[in-house]
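Along the sequence shown, the residues carry numbers beginning at 1.
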Amino acid sequence: LLEAMSCGCAPIVTETCKGAHQYVENEKSGLILPVNDTAALAEAIIKLIENKMLLSAISRNAKFNVQGLINKSTPEMWSDILKTEKPQTK
């Protein structure tokens, strides 16, 4: 979650995801949804797709909230790994 937020991803978490709540404030740095509510999840995704200003604000705030917690090279490291990772053959 923290790595995604450090890259500016807008997090969508559930109400029971207690650790996330210290970094995610509903409608400000992410969206907090009821557990097992697939309709709410669909609505949240559509909301972010349709409301670019909200998505931009949440992304910016999410990134700000975790600044200093994640080594700035971590997202770059994973990006490099994923770019060079070769599919495993069975």
Side-chain angles (χ1 to χ4, degrees):
L1 174 67
L2 298 180
E3 287 178 344
M5 290 175 71
S6 75
C7 293
C9 292
I12 300 175
V13 299
T14 64
E15 294 169 336
T16 60
C17 192
K18 293 178 183 163
H21 288 224
Q22 80 185 73
Y23 304 106
V24 179
E25 185 179 349
N26 195 39
E27 299 277 334
K28 296 206 185 292
S29 56
L31 298 176
I32 301 173
L33 308 177
V35 177
N36 295 325
D37 190 340
T38 55
L41 176 59
E43 289 173 19
I45 293 169
I46 291 168
K47 182 178 192 173
L48 292 176
I49 290 170
E50 292 179 345
N51 190 337
K52 299 295 184 199
M53 288 181 66
L54 178 63
L55 174 60
S56 178
I58 287 176
S59 297
R60 183 178 56 252
N61 293 334
K63 192 171 186 175
F64 179 79
N65 282 1
V66 296
Q67 255 180 353
L69 298 175
I70 298 289
N71 183 339
K72 291 185 182 181
S73 65
T74 302
E76 295 164 345
M77 177 191 71
W78 278 109
S79 178
D80 291 344
I81 289 170
L82 293 173
K83 285 178 188 173
T84 60
E85 188 72 23
K86 295 180 181 159
Q88 294 181 356
T89 56
K90 293 182 181 181

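Taking every heavy atom of both residues into account, Pro34 and Thr14 meet most closely at O-CG2, 4.4 Å. Listed here is the closest heavy atom pair of Tyr23 and Asn65: O-ND2, 2.9 Å. For the residue pair Pro11 and Met5, the shortest heavy atom distance occurs at CG-CG, 3.9 Å.
Hydrophobic cluster of Ile12: the remaining members, joined at side-chain heavy-atom separations below 4.5 Å, are Leu31, Leu33, Leu41, Ile45, Leu48, Ile49, Leu54, Leu55, Ile58, listed by chain and number.
Expressed to the nearest 0.5 Å, how far OG of Ser6 lies from CD of Gln67 amounts to 10.0 Å.
Applying the side-chain hydrogen bond (donor to acceptor under 3.5 Å, both in side chains) definition to pairs two or more places apart or across chains, those involving residues 31-59 are Glu27-Lys47.
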